[in-house]
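Below is one structure; the comments refer to it alone.
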There are 2 protein chains.
Amino acid sequence: MNFIIKNVLIATDDDYTTVDVQVVDGIITAIIKDGQDAGSANQDGRSHTTNGDKLLLPGFFNAHTHSSEMWQRGVIPPFPLELWLAELYDFTPLDPEQVYLTALGTAVETLLSGGTSVVDHLVLIPGKELETIATAVRAYREVGIRAFVAPLIQDESLTAGIPSGDAKRTHEAYFRSTAATLELIEEAVRQFHRPDEGVNILVAPTGIQLCSDALFEGCNELSNRYNLCRHSHLLETKAQEKLALEKYGCTAVEHLQRIGYLSDRTTLAHCVWLTQDDITILAETKSTVVHNPLSNLRLGSGIAPILKYRQAGVNVTFGCDGASSNDSQDLLEAIKIGSILHNATDLDYQHWITPRQAVEMASLGGAKGLNLAEQLGSLTVGKKADMVLYDLTSLSLLPRTDPIGLLVLGRPTNVVDSVWVNGKQVVASGKVTTINVDELRQELFNHSQWTAQRKSPTVAQIEAHYRMVMGL
Amino acid sequence: MNFIIKNVLIATDDDYTTVDVQVVDGIITAIIKDGQDAGSANQDGRSHTTNGDKLLLPGFFNAHTHSSEMWQRGVIPPFPLELWLAELYDFTPLDPEQVYLTALGTAVETLLSGGTSVVDHLVLIPGKELETIATAVRAYREVGIRAFVAPLIQDESLTAGIPSGDAKRTHEAYFRSTAATLELIEEAVRQFHRPDEGVNILVAPTGIQLCSDALFEGCNELSNRYNLCRHSHLLETKAQEKLALEKYGCTAVEHLQRIGYLSDRTTLAHCVWLTQDDITILAETKSTVVHNPLSNLRLGSGIAPILKYRQAGVNVTFGCDGASSNDSQDLLEAIKIGSILHNATDLDYQHWITPRQAVEMASLGGAKGLNLAEQLGSLTVGKKADMVLYDLTSLSLLPRTDPIGLLVLGRPTNVVDSVWVNGKQVVASGKVTTINVDELRQELFNHSQWTAQRKSPTVAQIEAHYRMVMGL
């Protein structure tokens with residue numbers, strides 16, 4: 001579908017201007033300033049005329065989430081990651097229908113908060129791994145969001161993720177072999193990896209805390225063979241920092257560099273506990289940090305040193321993280337908190353993230369991390385039309401001041417008017433057009449129930465050890 | 001108006017139950033459990049029946065804001081308080097009509113995010129001080145929110161608020177005398193202080209950084225004579241900590257205690273830079289801390305030691321702060337961030353704020369701070385009916401898990417169904433019923449314009465000195 005958006009505000013280097021934006025075959029083909037001739041191309045397609053009270057921005061990347069966690073949002077008590085994870089897995093959904101519904105929900109919330117791409121570090125249902133992936137892919141295709149499905153894999157069992165301290169501990173073997181896991185991912189790539197159709201498979205070991213070197217190296221090999229991006233959690237908690245030293249005798253970043261996992265198509269979620277040398281390694285390897293500020297606060301993981309990353313030239317973008325450690329999928333919220341949080345860490349305000357920088361991190365930063373900066377991440381002629389149109393007449397964005405300042409620093413409500421992914425409109429007049437969101441709400445309602453008193457048996461089992469090791 | 005809300009969820013000690021809530025003459029007169037007889041009283045009035053998919057909570061307090069800052073939300077660059085304030089005052093609104101519109105806006109955003117009371121630390125237009133107060137009072141009466149108008153006063157000029165360091169500096173005298181300022185407040189009390197009608201005037205020196213002892217002491221005297229609550233900023237920034245030591249040779253808290261400003265009806269906004277001894281003083285004097293987490297982050301003021309306050313028994317509640325240091329008036333956002341932010345400051349998760357504790361801080365905590373815990377802050381028979389009904393079928397609160405967990409930890413969107421203040425309904429079906437919000441939006445739009453490039457002359461003038469004193 002070809003179309004032109006007329007009379008829309010876009011950001012220039014340090015101001016705004018009103019333009020017409022023309023899209024042909026999913027590509028931005030012209031950005032025409034006031035009074036210039038739009039040429040004949042706009043006569044081919046539909047025209048969206050705004051009153052000059054709408055702002056067009058490139059779509060953001062929800063660069064790290066776990067869609068099925070949405071089933072447990074709001075319910076896990078204030079716990080640090082290791083205990084939170086134990087509770088999460090005690091109640092993890094085991095029905096692909098559940099995966100489907102929350103992939104839809106994650107896509108909808110991402111779109112309605114300015115995102116056009118989602119990186120779903122997808123928790124796989126044991127024994128139904130390919131079906132889980134197929135289900136998430138189906139949901140994302142239906143909604144029409146650009147999908148980066150990163151099947152979450154590991155080859156060590158959960159208790160191995162907690163440092164041993166002085167205790168000698170053994171852990172059950174993980175239920176699936178490393179080789180079988182790699183084979184599974186390769187099969188997923190064959191079946192679902194269709195970058196031209198907006199569906200991408202990533203290699204995504206969960207992190208050093210639960211993965212062997214063999215798993216990381218197998219992923220490297222798949223990444224090289226099929227040209228796949230790489231994803232992982234990295235040093236989310238103090239406990240993981242301890243664990244890396246126990247496991248490798250060096251930092252996790254040094255180890256990942258040694259085994260070749262870091263690259264310009266590697267995105268690393270969290271990155272809270274890095275040393276200055278680690279930061280240099282991320283910059284040298286052109287790795288991307290995915291900042292999940294809300295999750296890091298909710299789980300008490302710490303405040304990632306984002307200003308240091310930026311000063312060292314490390315690419316940074318934002319993620320919501322899964323909806324049970326956030327407990328939302330509102331990308332504008334993650335961008336706001338992920339920007340202002342760091343002002344408290346550096347007295348020099350000249351280092352603080354400006355709203356325009358935040359927008360660039362959320363759009364171009366995400367595209368860079370997924371090795372797609374040539375195709376996505378800015379309103380540039382020749383790039384794909386992943387674009388979001390914001391209605392600046394929402395009460396939450398009034399009075400009129402600086403539109404990007406209002407979007408990033410405010411608490412925008414009902415502001416996303418339209419969204420296009422690859423030139424296809426998927427949100428119009430504030431409503432998702434591709435699926436029936438009221439039906440989705442009804443399904444989510446029907447498949448759940450109020451609960452205030454559930455208890456995790458695994459937490460009961462491991463809490464004393466956790467407190468001992470962490471000196472609590 | 002008497003009414004009964006039927007079949008509504010409320011929180012019990014550690015669970016939820018479905019009840020009917022009966023209100024007569026603005027007072028909660030009965031909370032009737034499933035199956036019990038509602039008696040005859042419900043036959044007098046209207047009945048609101050919910051399907052058991054709505055949650056009733058006590059109204060929250062937006063316990064610190066500056067309404068007219070809304071004119072500058074989104075536009076002030078990332079600056080620390082002292083520079084931010086200089087820019088704020090360079091562009092402060094001077095027309096009472098502007099004050100009116102943003103008081104309406106502040107009230108509407110507060111109501112639609114769960115608040116039923118607002119403490120407006122109101123910036124006064126020079127020469128039109130009483131008119132400013134009258135205008136804000138009129139706006140709050142029209143919307144029907146419970147209003148605590150705290151006219152912001154000082155008797156030293158702005159440059160006095162920055163520490164001198166080694167430099168010898170003199171400051172222009174403030175344009176109005178201390179005596180005239182106190183007289184102004186007394187006149188405001190006479191004209192507008194009507195607690196029974198939901199309008200309260202507070203004494204509210206802006207803070208130690210710009211106020212003489214004579215001003216604080218005059219406020220004490222008015223507070224005692226007219227039974228007024230006391231409000232002030234306190235130790236928002238590192239610079240203010242330095243300034244207090246320069247000015248008093250002791251901490252600001254020690255000084256305020258010495259001059260008698262601290263009490264069980266004193267609310268203190270920010271409280272970021274307190275010592276352990278200061279915290280003990282707040283506990284002993286039963287003073288209340290108003291936590292403004294978003295503003296503290298946005299201005300890089302720091303992270304207030306809220307967990308320490310709670311452990312010391314200090315009452316804490318939440319505020320949005322003015323909309324140009326936040327840049328919103330979404331109370332649920334302030335409650336969420338004000339809860340989870342502190343998880344990063346204490347490794348022991350048993351100290352972290354739970355969603356239920358956050359709700360109590362936002363409701364009963366606010367009532368305590370304003371010396372109204374006997375009348376407000378909980379759903380209790382005999383208390384005033386300041387209540388908010390949340391629609392739990394919003395996508396942002398699905399799937400169903402723990403309703404309060406979803407509200408506090410999620411990012412609720414369009415969830416406030418109904419609000420009653422003093423038993424009067426002011427929001428129904430998600431819409432404010434007392435004023436025309438579309439007209440308000442239009443007025444705010446018409447009175448403003450897009451701007452990306454404004455420059456503050458005062459910032460240009462003081463920035464070099466600020467950087468020098470702060471060692472930047």
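Below, read A as the first sequence line, B as the second, and so on, with proteins coming before strands; counting in each chain starts at 1.
- For the set A:Ala344, A:Ala452, A:Pro399, the entry with the most heavy-atom pairs within less than 4.5 Å of chain B is A:Pro399.
- With no hydrogens or angles considered, no side-chain donor-acceptor pair links A:Tyr16 and B:Gln453 at under 3.5 Å.
- For chain B, the nearby part of A:Ile337 is the side chain; its heavy atoms alone come within less than 4.5 Å.
- Nearest heavy-atom pair, B:Pro355 versus A:Pro78, reported as atom, atom and distance to 0.1 Å: CD-CG, 4.5 Å.
- The parts of B:Leu398 that come within reach of chain A are both its backbone and its side chain, each placing non-hydrogen atoms under 4.5 angstrom from that chain.
- Of all the listed residues (B:Gln72, B:Arg400, B:His447, B:Gln350), the one sharing the greatest number of non-hydrogen pairs under 4.5 Å with chain A is B:Arg400.
- Using a 4.5 Å cut-off between heavy atoms, B:Leu397 touches chain A through its backbone atoms (N, CA, C, O) alone.
- Note: A:Leu392 leads A:Leu392, A:Asn446, A:Ile76, A:Asn296 in heavy-atom pairs under 4.5 Å with chain B.
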Going through the distances and angles, do A:Leu112 and B:Thr413 end up as a side chain to side chain contact (heavy atoms under 4.5 Å, CB included)? CA-CA 11 Å; A:Leu112 294 179; B:Thr413 305; over 6 Å; no
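- Among all heavy-atom pairs drawn from B:Arg298 and A:Trp352, the shortest one is O-CZ3, 3.9 Å.
- Across A:Lys238, A:Arg467, A:Gln442, the residue that shares the most heavy-atom pairs under 4.5 angstrom with chain B is A:Arg467.
- No other option in A:Gly302, A:Ser301, A:Pro80, A:Gly105 has as many heavy-atom pairs under 4.5 Å with chain B as A:Pro80.
- Contact annotation for A:Val408: neither backbone nor side-chain heavy atoms come within less than 4.5 Å of a heavy atom of chain B.
- Note on A:Asp327, A:Ile340, A:Thr401, A:Asn343: by heavy-atom pairs under 4.5 Å with chain B, the leading option is A:Thr401.
- Comparing B:Asp346, B:Leu101, B:Leu347, B:Leu407 by heavy-atom pairs within less than 4.5 Å of chain A, the highest count is held by B:Leu347.
- Note on B:Thr102, B:Leu440, B:Leu406, B:Leu409: by heavy-atom pairs under 4.5 Å with chain A, the leading option is B:Leu409.
- When A:Gly405, A:Ser448, A:Gly300 are compared by the number of non-hydrogen pairs under 4.5 Å with chain B, A:Ser448 comes out ahead.
- Heavy atoms closer than 4.5 Å to chain B are found nowhere in A:Ile404, neither backbone nor side chain.
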Starting from the C-alpha separation in whole Å, work towards a yes-or-no answer on side chain to side chain contact (heavy atoms under 4.5 Å, CB included) for A:Leu395 and B:Leu444. CA-CA 8 Å; A:Leu395 179 62; B:Leu444 290 169; 3.7 Å; yes
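- Looking at B:Leu472, the atoms closer than 4.5 Å to chain A (heavy atoms on both sides) all sit in the side chain, from C-beta outward.
- Heavy-atom minimum distance, A:Gly52 versus B:Trp450: O-NE1, 3.8 Å.
- At a cut-off of 3.5 Å, with distance as the only test, a side-chain donor of A:Arg441 or B:Thr393 sits close to an acceptor on the other residue.
- Ring planes of B:Tyr349 and A:Tyr466: tilted class, angle from 30 to 60°.
- Residue contact with chain B, scored on non-hydrogen atoms closer than 4.5 Å, involves the side chain of A:Val108 exclusively.
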Check against salt bridge (charged side-chain N to carboxylate O under 4.0 Å, His left out), B:Lys336 and A:Glu333: CA-CA 11 Å; B:Lys336 172 177 180 173; A:Glu333 182 190 29; 3.0 Å; yes
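- With a threshold of 4.5 angstrom between heavy atoms, A:Pro77 does not approach chain B through any atom at all.
- Interface residue B:Val437: only side-chain heavy atoms are found under 4.5 Å from chain A.
- At a 4.5 Å heavy-atom cutoff, the contact between B:Leu299 and chain A is made by backbone atoms alone.
- Between the A:Arg411 side chain and the B:Asp330 main chain, no donor and acceptor come within less than 3.5 Å of each other.
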